[in-house]
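For the numbers below, each heavy atom of this structure counts, side chains included, while hydrogens, waters and symmetry mates do not. Numbering of residues begins at 1 and proceeds along the displayed sequence.
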Amino acid sequence: MTDRTQGTGGASRRAFGAKGPDELRAQIEQTRSRLGDTVEELAARADVKGRARARAADLRDRAGAMTVGLRSTAAQAGHRAQEKATLVGHKAQERAGVAGHRAQDRAALVGHRTQERAAQVGHRAQEKATSMGHRAEQAVPGPVTDAVQACRRNPRPLMIAGAACAAAVTAALLVRRYRRRTCQ
């Protein structure tokens, strides 16, 4: 055996020889183990196809994990967007309700104001009509006013006189019509 051996960490150290066959066997076993590890490392470095396959498998695993992560993130973002849209929709609906109530209140207020103005105009018209009625009453001569009041007190003679007048007018119209037909 040589007097130099490679130690851990790559540094050489001087070996002092084995003190017996058991120790020598142990050293041989350690050397074989280290040599096997070194051979495996070299074989792994030399196996380009194997390394490429391992790298591809690793990348596939990472891509799969990223895909799952992205899907999860997208689903969460979709849920958040849906929640926000629902919240915005509810707020808009509430605002529309408030605006509707405001418009309804304004319309009621305008309706009340219009009703008040219409009542005022009606009262004014009624006052003017009453005033004009009083003026007309004052402008009518006394005998006509007395006749109207008498007719109000005794409507039956007025009705009989009115019927007689109507009959006379009707008869005059019929005679006139008859004469026109016979003359033609």
Side-chain angles (χ1 to χ4, degrees), residues 1-139 152:
M1 198 129 200
T2 64
D3 59 337
R4 296 189 80 166
T5 59
Q6 188 176 20
T8 58
S12 341
R13 64 180 173 91
R14 198 165 258 307
F16 293 109
K19 295 188 181 180
D22 289 335
E23 193 175 327
L24 183 60
R25 283 189 197 114
Q27 285 178 358
I28 292 172
E29 193 60 37
Q30 282 180 352
T31 305
R32 281 184 185 161
S33 176
R34 278 186 267 155
L35 184 61
D37 291 342
T38 304
V39 169
E40 283 180 19
E41 281 181 37
L42 290 173
R45 286 183 187 175
D47 185 18
V48 175
K49 281 185 180 179
R51 284 185 11 213
R53 285 184 193 138
R55 178 78 175 148
D58 183 46
L59 290 174
R60 265 187 256 124
D61 291 343
R62 284 185 186 178
M66 288 177 91
T67 301
V68 169
L70 289 174
R71 283 182 185 164
S72 174
T73 303
Q76 289 174 354
H79 289 301
R80 276 189 236 124
Q82 187 177 12
E83 289 171 358
K84 285 182 181 178
T86 302
L87 181 64
V88 167
H90 287 304
K91 285 182 180 178
Q93 192 174 14
E94 288 173 8
R95 288 180 183 161
V98 169
H101 289 299
R102 285 182 188 158
Q104 189 176 13
D105 292 343
R106 287 180 187 154
L109 181 63
V110 168
H112 290 304
R113 287 180 184 165
T114 305
Q115 189 177 12
E116 289 174 5
R117 288 179 185 157
Q120 289 173 354
V121 168
H123 289 302
R124 286 184 200 143
Q126 188 177 12
E127 289 172 0
K128 285 184 180 179
T130 303
S131 173
M132 292 181 80
H134 288 305
R135 285 184 194 162
E137 193 176 303
Q138 291 171 357
R152 281 186 182 169

What is the distance from atom [atom1] of [X] to atom [atom2] of [Y], rounded to the nearest 0.5 Å?
| X | Y | atom1 | atom2 | value |
| --- | --- | --- | --- | --- |
| D47 | E40 | CG | CD | 12.5 Å |
| R53 | K49 | CZ | NZ | 6.5 Å |
| L35 | I28 | CG | CD1 | 12.5 Å |
| E94 | K91 | CD | NZ | 8.5 Å |
| Q126 | H123 | CD | NE2 | 7.0 Å |
| R80 | T73 | CZ | OG1 | 8.0 Å |

Worksheet entry | Salt-bridge present (R102, D105; N to O < 4.0 Å) |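 Looking at R102 and D105, the cut-off is not met.
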
Worksheet item: Taking it one step at a time, do R34 and D37 satisfy salt bridge (Lys or Arg N to Asp or Glu O under 4.0 Å)?
Response: CA-CA 5 Å; R34 278 186 267 155; D37 291 342; over 6 Å; no

Item to complete: Just do the side chain to side chain contact (heavy atoms under 4.5 Å, CB included) check on V68 and R71 with the steps written out, would you?
Response: CA-CA 5 Å; V68 169; R71 283 182 185 164; 5.7 Å; no

Practice prompt. Could you walk me through whether D22 and R25 pass the side chain to side chain contact (heavy atoms under 4.5 Å, CB included) test, one step at a time?
Written response: CA-CA 5 Å; D22 289 335; R25 283 189 197 114; 3.2 Å; yes

Discussion item. Checking the side chain of T67 only, and the main-chain atoms of A63 only, is there a donor and an acceptor separated by less than 3.5 Å?
Written reply: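 Pair found, side chain donor or acceptor close to backbone of A63.
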
Practice prompt. Would you indicate whether the side-chain heavy atoms of D58 and R55 approach each other to under 4.5 Å?
Written response: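 Side chain of R55 against side chain of D58, heavy atoms only: contact under 4.5 Å found.
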
